[in-house]
Amino acid sequence: MFQSCEEKLSGKRIVLFGSYGWGSGDWMRDWEDRVSSDGASVWNGEGIIANNAPDDDDLDACKSAGRDLAGLA
């Protein structure tokens, strides 16, 4: 699914969110690099990443990102 969107990312500001249950979340850094090379800018300079389920800080970051992108921040 993501691959089908990549050609439309150039010039866009986007939020990346993901969770993981093993490793250290290196895949997020790879994803950030991938969208940057597609010409997009990642909100706040980095993706929002949660180990397993999002905690309150992760949820607050997601809400803040949504408000910011919607122009409500």
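Cluster annotation: Val42 is connected to Ile49 through the hydrophobic network of ILVMFWY side chains, with a link wherever side-chain heavy atoms come within less than 4.5 Å. Both Leu9 and Trp31 are part of a single hydrophobic cluster, where members link through side-chain heavy atoms under 4.5 Å apart. The hydrophobic cluster containing Leu59 does not contain Met28, counting ILVMFWY residues as joined when their side-chain heavy atoms lie under 4.5 angstrom apart, directly or transitively. Trp27 and Phe2 end up in the same hydrophobic cluster when Ile, Leu, Val, Met, Phe, Trp and Tyr side chains are linked at under 4.5 Å.
Distance OG/Ser64 to CG/Leu69: 9.0 Å, rounded to 0.5 Å. Atom SG of Cys62 and atom CZ of Arg67 lie 11.0 Å apart (nearest 0.5 Å).
Of all non-hydrogen atoms in Asp26 and Ser24, the two that sit nearest each other are OD1-OG, 3.1 Å.
Between Trp43 and the options Ile14, Leu16, Ile48, a side chain to side chain contact (heavy atoms under 4.5 Å, CB included) holds for only Ile48.
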* To do: Kindly indicate, with the supporting measurements, whether the criterion side-chain contact (heavy atoms from CB on, under 4.5 Å) is fulfilled by Arg34 and Gln3.
  => CA-CA 10 Å; Arg34 184 173 170 179; Gln3 189 175 18; 4.1 Å; yes

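A salt bridge links Arg13 with Asp68: the closest approach of a Lys/Arg side-chain nitrogen to an acidic carboxylate oxygen falls below 4.0 angstrom.
Side chain of Glu32 to backbone of Gly47: a donor-acceptor contact under 3.5 angstrom is found. Using a distance-only test at 3.5 Å, with no hydrogens or angles considered, no donor-acceptor pair links the side chain of Asn44 to the main chain of Glu46.
Applying the 6.0 Å contact sphere to CG of Asp56 captures no more than 12 heavy atoms from other residues, nucleotides or ligands.
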